[in-house]
Structure formats: C-alpha cells, structure tokens
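The figures here come from the full heavy-atom set of this structure, side chains too, leaving out hydrogens, waters and symmetry mates. Naming: A, B, ... by sequence-line order, numbering from 1 per chain.
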There are 2 protein chains.
Amino acid sequence: MDDGTSLPTAPKLSRIQKRNRKRIMDAALNVFSQHGFRGATLDQIAQEAGLSKPNILYYFDGKEAIHVDLLNTLMAEWLAPLEEMNPEGEPLDELMTYIARKLEMSRAYPRESRLFANEIIQGAPRIGPHLASGLKPLFDRKCDLIAEWVRRGKLAPVDPGHLIFSIWAVTQHYADFEAQVDVLMPDSDAAWAGAHTHVEAMFRKLLTPPGYSGAHR
Amino acid sequence: MDDGTSLPTAPKLSRIQKRNRKRIMDAALNVFSQHGFRGATLDQIAQEAGLSKPNILYYFDGKEAIHVDLLNTLMAEWLAPLEEMNPEGEPLDELMTYIARKLEMSRAYPRESRLFANEIIQGAPRIGPHLASGLKPLFDRKCDLIAEWVRRGKLAPVDPGHLIFSIWAVTQHYADFEAQVDVLMPDSDAAWAGAHTHVEAMFRKLLTPPGYSGAHR
DNA sequence: CATGTTTTTTACCATTTGGTAAAGGCACGA
DNA sequence: TCGTGCCTTTACCAAATGGTAAAAAACATG
C-alpha cells in the first residue's frame, strides 16, 4: 500500500540526505517549472543543485521519479488554501480570503504554479491519476459547499465549478504568464497591486448576493 | 527588412511546397503545443507529418525556425478578435462579443492556445521580442479604448489592463488546462455550455455600468 | 584509529537528438 | 523523350541525454 510517495516507512534520513534531497528538489523545481518534464535535463538539475549527475541518481530513481515526487509533495500545500475554506465561516469572507490567498501564492510561489501549469498543459501524463484520486474529491466537496451557500442565499447565484475555475485561471495567470505580464505592465509592483485590487473587486461583485450588508445579522 | 516570417518576397510556392509546408506546420503545432519547444523533437514532427526528418529540414532551416514561424504565423489570427474590437461600437457589446469569441477560440483551437501558453510559461524566449513590438502596442491601444469607455460611463469602472488579463486567463484556461477540466467535469459538452454561461455572466456583471439599459438611448 | 557504512566521483554506455552530404527519384516543360 | 531542376531518401555525424558500475573518498562508530 506504500507507494513511497508520501510517508516512507523508514523516515530515518541522515542530515546529509535531508540537505541533498532538498537541494535536488529545489533545483528540479527550477528546471521543471521552466522547461516542463521533457525539456528538462538531469545535467541541468545536477548543475543547479551543485551535485554530480550520478550523485543525483543516488538519491532518486531517475528523472521521472524526481518529477513525480516533486508534484506529489507540492500538491498538498498547493491545494491547502482551498482545503481550508471553512464551511462554518461567512461564505463571502471565506471565498474572498481564498481568492486573496491564491493570488498571494502566485506572487510568492510562481515556480510551483508553473510546474503544475506545465504538467497540465502537456496533458497531465504524470499526475493525471492524482488529479482524479486527490483533486477531484476535494473539488466536488467544495463545489457542494458553494452550492449550499448559494442555496442559502449567502452568495449570488453562480456555478460553483466554473467559479473555482475562474479563480484558478485569474490568480494563476499572474504567475504562469509572468513573462507576458512583465512585457505589458513593466512596473511589476504596480501590476501586483492592481491585480489584487482588480481580482478582489471582480469576484466580490460576482459573489455578493443581492441585499448583502456584511456578515449575517 | 524581410525577416522571412510574414510576406516572403518570392511567394512562388509550388503546389508540393504548399502542401508539405502546411503538413509540417500542422504536425509542429501538434507536437510543440503538447511538449513545448525543448520537449518536442524533429523526429516526432517528421513522423506526424508523414515526412522524413531531412525532408523537413529541406523546407525549414531547423527546429527553432519551425517554432518561430509557427508562433509568428498564428499570432496575428490569435489576436484578431482583440484587434477587431470596434471603438465605434457599443462598449458593452463589443467587450461581450470579444469575450464570447475568445472562449469560442479556446474550444475550436486549443492547440494554438497551448502553443502560446507553453512558450509564455517557459519565459517567452522566442516570442519575447514579438510581444514587445507586436502585442504591447495593441494592448496599450485597447487599454486606452476601454479607459475611454469607462470615462464616458459606458462601462463600470474597471482597470483595463487587468480586465484584459482576466478575460485571457478565464477563456484560455479551458483550452490550456483541458486535461484538468476533463477530470473535474467529465461531461465535456456540459462543461463548455457552463463555461459560456458562467464566463459571460461574470463579465457582464463586472462591466455593466450602473443604470445600464441596453444600447445608449 | 580501525572498520564498516554512506556518499561522491570517475569512467563509461546505449540511445536519442538536431543536423548534414550526397546520391537518387520524379515531374514537367521543351 | 529527354534533360533540368525540384523533391526525397539514404547514410551518416557530433553532441547531448538518461543511466550504470565500481572505485574512491568521507563519515560515523566502536
């Protein structure tokens, strides 16, 4: 039952192993997020990590193993903000908080965003299964939650699934298409400030139910 | 001044040349859009085109030349809908038409969308210059136009640049992240129908100015 | 410090990749 | 039908790529 991707049965990693595995993962994140799986090379990763190629293969079973490990490790924290959307909270606040956090993640972790973007664009050949088994249930759960919020009149009527897609699309755009954003809005700081203002206003307008006036009663 | 990318000085392409160039471009579109530049191989393109690798290099100067040519050729038609947004038209209609067309392009031409997505995500190393010289002026012009519409009260107040980003992000998401959308919304037809409804409603809500009631007067 | 273990390096290898040279085939006008 | 120029194939090549074997070095531990 242990596929070796999450909690290893023997977590006894030596100090050196921990340090080097981290180095490799970080280097791999740089390279894979920039070139995609097929475009990345072990030599590049090795160089970026400051280790020799055989040394890297001492720590990982191969190029694909590094990629898969990276995706699996990051998937959980990447989805954390969605996961943490609280069914007990005030619906509009919960969603606006989620949106703000998601946009903040695009700013703070653009490499992670692009890593996933590359993988999905190229057909999700390696995390396809994980999408179905890990993401889909979470997605369905949150769709149900949002639908319930709409039903209770706490949100304006909206298709939950497509709402989530919109949030992902808009927030991740700033990380994934950074190269384009940089060309079209050269002042990077202003661009981020504007992004926050625009994105938050846009979704607030979309989601605020008629007659809303702050938290219920 | 002729960089050989747009209008060749000698457009005398034989019937065979036209046929094979088209085949190659189409095959290259398949391969590049799926794997990105570095992940794509000439052998793949050759096989997909039903031609030998040397034969492909008879028509193009190399892998990079094919990629650049493809990007340049498709850029114009990819941006056509934005280009055609009419300053004389009714602002809200113009924008809603643009959005609908853009979404329709994601459905009809997902490969093109992914081709550009791959290129931009990977840092736009080959169309970076073209973005600055070709896209930027168009972007600025349309931003000015939208700003003017807002000033005249024909649209709700909105940041033009970020509005365009949002439109691109949301519409292209359905093409670029098709693999993920397919997992999360297995009924593809319903997903597209829902996408149209949701996206159009969302932007209409965002853009409709207060007190709007159809075309002016 | 002796000894067993972990980590790193050196030296390879088979395959793939982008690309070339040159010969062969083919169409098409004279 | 014959040649001439366009197209295609065959046979290569050097470099890069993912990966391996095994020796050497570094390390920990008694």
Side-chain angles (χ1 to χ4, degrees), chain A residues 4 8-71 118-119 122 125-126, chain B residues 4 8-71 118-119 122 125-126:
Chain A
T9 34
K12 310 173 177 185
L13 290 176
S14 79
R15 165 184 52 98
I16 292 179
Q17 270 184 3
K18 255 187 280 187
R19 172 172 54 84
N20 283 353
R21 283 189 115 92
K22 196 160 284 180
R23 273 191 194 178
I24 294 171
M25 291 293 251
D26 193 64
L29 177 55
N30 280 334
V31 177
F32 282 131
S33 68
Q34 204 179 3
H35 301 290
F37 178 73
R38 293 192 44 174
T41 73
L42 280 178
D43 296 272
Q44 263 178 295
I45 296 173
Q47 191 176 354
E48 199 120 348
L51 297 171
S52 69
K53 183 167 61 174
N55 203 2
I56 285 197
L57 292 167
Y58 169 76
Y59 289 101
F60 289 90
D61 282 340
K63 185 184 172 182
E64 183 157 352
I66 301 176
H67 193 238
V68 170
D69 199 335
L70 199 57
L71 289 169
N118 264 306
E119 169 71 6
Q122 303 183 4
R126 275 164 295 279
Chain B
T9 34
K12 310 172 174 185
L13 290 175
S14 77
R15 167 183 51 98
I16 292 178
Q17 270 184 2
K18 255 187 283 188
R19 172 172 54 86
N20 283 354
R21 282 188 115 91
K22 196 160 285 180
R23 274 191 193 178
I24 294 170
M25 291 292 253
D26 193 65
L29 177 56
N30 281 334
V31 177
F32 282 132
S33 68
Q34 204 178 1
H35 300 291
F37 178 73
R38 292 192 45 174
T41 73
L42 280 178
D43 295 273
Q44 264 178 295
I45 296 173
Q47 190 176 355
E48 199 121 346
L51 297 172
S52 68
K53 181 167 61 173
N55 203 2
I56 285 197
L57 292 167
Y58 170 78
Y59 288 101
F60 289 89
D61 282 340
K63 184 184 173 183
E64 183 156 352
I66 301 177
H67 193 238
V68 170
D69 199 336
L70 200 55
L71 289 169
N118 265 305
E119 169 71 5
Q122 303 184 2
R126 276 163 295 278

Peer 1: What pairs of nitrogen or oxygen atoms, one from the protein and one from nucleotides 26-28 of chain D, lie under 3.5 Å apart?
Peer 2:
unit_1	atom_1	unit_2	atom_2	d
D:dA28	OP1	A:R15	NH2	2.4

Peer 1: Show which side-chain atoms of residues 60-67 of chain A pair as donor or acceptor with protein atoms under 3.5 Å away, not counting sequence neighbours.
Peer 2:
unit_1	atom_1	unit_2	atom_2	d
A:K63	NZ	A:F37	O	3.0
A:K63	NZ	A:A40	O	2.7
A:H67	ND1	A:R126	NE	3.0

Peer 1: Give A:Y59 one of three labels, base, sugar-phosphate or nothing, depending on what nucleic acid heavy atoms sit under 4.0 Å from its own.
Peer 2: sugar-phosphate
Peer 1: Starting at CD of A:Q47 and ending at C1' of C:dT9, how long is that distance when rounded to a whole Å?
Peer 2: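 Rounded to the whole Å, the gap is 17 Å.
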Peer 1: Residues from residues 19-29 of chain A sitting under 4.0 Å of DNA chain D, heavy atoms only?
Peer 2: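 DNA chain D contact set from residues 19-29 of chain A: none.
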Peer 1: Taking only side-chain N and O atoms of B:N55, does any of them lie within less than 4.0 angstrom of OP1 or OP2 on D:dT9?
Peer 2: yes
Peer 1: How many Å lie between OH on B:Y58 and P on C:dA23, as a whole number?
Peer 2: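 Nearest whole value for this atom pair: 17 Å.
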Peer 1: Return the set of residues passing side chain to side chain donor-acceptor pair (under 3.5 Å) with B:Y59 (not counting sequence neighbours), or none when no residue passes.
Peer 2: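 B:Y59 satisfies side chain to side chain donor-acceptor pair (under 3.5 Å) with B:N20 only.
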Peer 1: Mind listing the closest non-hydrogen atom pair of A:L70 and A:M25 along with its distance?
Peer 2: CD1-O, 3.7 Å
Peer 1: Could you list the residues that satisfy side-chain contact (heavy atoms from CB on, under 4.5 Å) with B:Q34, not counting sequence neighbours?
Peer 2: none
Peer 1: Reading nucleotides 10-22 of chain D from the 5' end, what letters show protein touch, with B for base, S for backbone sugar-phosphate only, - for no heavy atom under 4.0 Å?
Peer 2: BB-----SBBB--
Peer 1: Once rounded to the nearest 0.5 Å, what's the spacing between atom CG of B:L29 and atom CG of B:L71?
Peer 2: 10.0 Å
Peer 1: Identify, with sequence neighbours excluded, every residue that meets side chain to side chain donor-acceptor pair (under 3.5 Å) alongside A:R38.
Peer 2: B:H35, B:Q44
Peer 1: How far does CZ of A:R21 sit from CZ of A:R19, to the nearest 0.5 angstrom?
Peer 2: 13.5 Å
Peer 1: Using a cut-off of strictly less than 4.0 Å, decide whether B:Q17 has a side-chain nitrogen or oxygen near OP1 or OP2 of D:dC6.
Peer 2: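 For B:Q17, the contact criterion (side-chain N or O under 4.0 Å from OP1 or OP2 of D:dC6) is not met.
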Peer 1: Applying salt bridge (Lys or Arg N to Asp or Glu O under 4.0 Å), which residue pairs with at least one partner in residues 24-33 of chain A are found, sequence neighbours left out?
Peer 2: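 Non-adjacent pairs meeting salt bridge (Lys or Arg N to Asp or Glu O under 4.0 Å): A:D26-A:R111.
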Peer 1: Please set out all donor-acceptor pairs under 3.5 angstrom arising from side-chain atoms of residues 48-56 of chain B, sequence neighbours excluded.
Peer 2:
unit_1	atom_1	unit_2	atom_2	d
B:E48	OE2	B:N30	ND2	3.1
B:S52	OG	B:N55	N	3.3

